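Read through the structure below, which is laid out as structure tokens, and then see the notes.
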Amino acid sequence: TANLDDVVPEVAISGNTIHMVWLEYNNAYTEPLSKIYYRRSLDLGKTWEAPQLLLTIHDANNVREGNSVKKLSVEGNNVHICVPDYAYNENGTGRLYYFRSRNNGSSFDAPKEIASTYSGSYQDIYRSFIKSVNNHIGIVYNNGVDGIHFSYSTDNGDHFRDTLIVKKTEYNTDIVDFDYDGNQALILHEYVHYSYGFANGRIYVTTTFDNGETFTTTKISQSYSSGDYTYEKSHTTKQDGSNNFQHYRKKLAKSGDNIYIVYEEEKDGNSCAVLVSSNDNGRTFNMPIRLEDTNSPGTCGSTVEAKENH
């Protein structure tokens with residue numbers, strides 16, 4: 001259909017089942033509104049069931065630009081999906097919706113609104129991530145009103161508890177990546193400022209070991225000196241600004257008490273991949289290690305994985 005594009009698909013495979021969620025995006029800002037769809041294959045992609053419409057949304061921009069986040073998590077027969085919406089015509093209210101299937105995607109419960117900005121704020125919710133483990137669900141998201149929130153459920157999505165963990169007035173950062181094991185949550189986030197080009201960038205990790213009851217935030221990037229000036233230009237690779245958005249790149253990996261984080265740093269006009277690690281489960285972090293340089297800025301696409309002691 002004219003003006004309708006199927007974009008930002010996300011896939012999860014569990015056994016012989018392929019789960020897919022995507023956005024049908026209307027790029028003309030007219031009727032019909034954009035929609036979130038789910039579809040599954042029970043035979044590893046040989047055949048597919050009919051798509052299921054999950055939600056019709058007012059403003060799809062934060063979903064369309066969300067190919068570098070995680071909106072789908074599958075655990076056994078439980079399928080969990082989380083997407084934001086923004087309703088300008090409803091006094092500028094942002095909302096975060098959660099969807100759950102307990103029968104391997106055969107059907108879904110009614111959408112559940114688990115977070116919102118207040119009516120009249122004209123602020124949105126964006127950069128949401130979801131992960132489920134052992135019937136615990138962790139969700140992090142940027143709230144344009146006050147900062148980064150962590151929302152969790154210990155009963156497979158029946159109830160959620162929400163906590164503001166990173167204040168916008170203190171950090172003003174965007175979420176980069178997220179990991180959750182049912183109690184401990186690791187949130188990687190960045191502050192990036194542009195002024196006549198890339199001017200400043202800092203990378204932070206926020207850690208909670210008790211589902212957000214207490215949390216600590218650590219800056220893991222470091223400044224460097226060049227001539228008479230001191231710079232700090234750390235960031236993650238940005239999307240390319242077209243409809244062909246870059247895919248999600250894992251920037252945070254955990255194995256046992258070992259945590260590994262990668263990001264990019266621009267130094268003297270060149271980009272370099274940087275590795276930061278923790279060997280005590282995120283209580284402290286080691287100094288950054290600069291890896292191989294590239295010959296131009298903004299070209300690193302680093303990702304990381306961890307297994308046992310590797």
Side-chain angles (χ1 to χ4, degrees), residues 1-87 90 94-116 124-133 135-139 141 151 153 155-160 178 243 245 247-248:
T1 304
N3 300 324
L4 294 180
D5 295 318
D6 291 329
V7 295
V8 291
E10 186 173 339
V11 171
I13 300 176
S14 179
N16 290 327
T17 303
I18 302 176
H19 305 269
M20 179 183 293
V21 61
W22 74 94
L23 169 69
E24 182 186 77
Y25 177 65
N26 183 351
N27 57 33
Y29 297 98
T30 59
E31 296 289 344
L33 296 175
S34 298
K35 299 177 176 65
I36 301 294
Y37 282 98
Y38 166 87
R39 196 175 190 182
R40 70 173 183 172
S41 168
L42 299 176
D43 52 14
L44 289 176
K46 294 178 182 178
T47 61
W48 289 84
E49 296 181 356
Q52 298 182 50
L53 173 62
L54 298 182
L55 184 69
T56 298
I57 57 180
H58 299 84
D59 186 339
N61 282 325
N62 285 329
V63 180
R64 186 178 69 92
E65 297 175 357
N67 217 21
S68 59
V69 302
K70 301 295 285 185
K71 54 184 173 287
L72 170 65
S73 185
V74 177
E75 183 187 12
N77 287 324
N78 297 311
V79 182
H80 308 280
I81 298 170
C82 187
V83 294
D85 189 17
Y86 176 70
E90 296 178 9
R95 297 181 176 92
L96 187 66
Y97 290 99
Y98 164 73
F99 311 85
R100 178 182 65 179
S101 170
R102 289 173 286 183
N103 53 17
N104 200 35
S106 177
S107 61
F108 282 82
D109 300 340
K112 180 183 294 186
E113 181 185 316
I114 62 170
S116 68
D124 54 0
I125 287 176
Y126 59 100
R127 300 293 301 170
S128 56
F129 289 70
I130 184 170
K131 186 171 182 180
S132 58
V133 57
N135 290 326
H136 289 57
I137 303 162
I139 296 172
Y141 62 92
S151 186
S153 170
D155 53 14
N156 199 36
D158 287 339
H159 306 89
F160 283 88
F178 171 60
N243 285 328
F245 293 105
H247 60 79
Y248 166 79

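Just so it is clear, the structure is predicted and the values come from calculations on it, not from any experiment.
Defined by atom type and a distance below 3.5 Å, a donor-acceptor pair is missing between the side-chain atoms of D155 and N135. D124 and N62 form a side-chain donor-acceptor contact under 3.5 Å, judged by distance and modelled atom types alone.
Atom CG of L23 is separated from atom CG of L4 by 10.0 Å, given to the nearest 0.5 angstrom. One finds the OH atom of Y37 at 5.0 Å from the CG atom of L53 (value rounded to the nearest 0.5 Å). Interatomic distance, W22 CH2 to L72 CG, rounded to the nearest 0.5 Å: 12.0 Å. The CD1 atom of I13 lies 9.5 Å from the CE atom of M20; values are rounded to the nearest 0.5 Å. Interatomic distance, NE2 of H19 versus CD1 of I81, reported as 9.5 Å (0.5 Å rounding). Taking CG of L44 as the start and CG of N16 as the end, the distance is 4.5 Å to the nearest 0.5 Å.
For V133, the side chain to side chain contact (heavy atoms under 4.5 Å, CB included) test picks out Y180, with sequence neighbours left out. With sequence neighbours excluded, the residues satisfying side chain to side chain donor-acceptor pair (under 3.5 Å) with Y126 are D174. For K131, the salt bridge (charged side-chain N to carboxylate O under 4.0 Å, His left out) partners two or more places apart in sequence, or in a different chain, are D179. Listed by chain and residue number, T17, R40, E49, N104 satisfy the side chain to side chain contact (heavy atoms under 4.5 Å, CB included) test with L42 (two or more places apart in sequence, or in another chain). Remark: D109 engages R100, R102 in a side chain to side chain contact (heavy atoms under 4.5 Å, CB included) (not counting sequence neighbours). Under the rule for a side chain to side chain contact (heavy atoms under 4.5 Å, CB included), the partners of H58 that lie at least two apart in sequence or sit in another chain are D85, A87, E90.
Between N61 and Y25 there is a side-chain heavy-atom pair separated by less than 4.5 Å. Side-chain atoms of F99 and V79, non-hydrogen and from C-beta on, never get closer than 4.5 Å to each other. In this structure the side chain of N156 reaches within 4.5 angstrom of the side chain of N78, judged on heavy atoms. No side-chain heavy atom of V21 sits less than 4.5 Å from a side-chain heavy atom of P9. Between N26 and L33, the closest side-chain pair of non-hydrogen atoms is not below 4.5 Å. At least one side-chain heavy atom of S128 sits less than 4.5 Å from a side-chain heavy atom of L96.
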* Determine, stepwise, if the pair F160 / I137 fulfils side-chain contact (heavy atoms from CB on, under 4.5 Å). => CA-CA 9 Å; F160 283 88; I137 303 162; 4.1 Å; yes
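In plain terms, the two heavy atoms of F178 and G138 that are nearest each other are CE2-O, 3.4 Å. Of all heavy-atom pairs between S151 and I114, the closest is OG-CD1, 4.5 Å. Nearest heavy atom pair, residue S41 against residue G45, reads OG-N, 2.7 Å. Residues K71 and E10 share a closest heavy-atom pair of N-OE1, 2.8 Å. Between K112 and G157, the shortest heavy-atom contact is NZ-O, 2.7 Å. The two residues A12 and V74 make their nearest non-hydrogen contact at CB-CG2, 3.8 Å.
Ring pair H80/Y98 is parallel by interplanar angle, where below 30° counts as parallel and above 60° as perpendicular.
Of the possible polar contacts, one joining the S101 side chain to the S107 backbone as a donor-acceptor pair under 3.5 Å is found.
Outside the 6.0 Å centre-distance limit, the rings of Y141 and F129 are not counted as a close aromatic pair.
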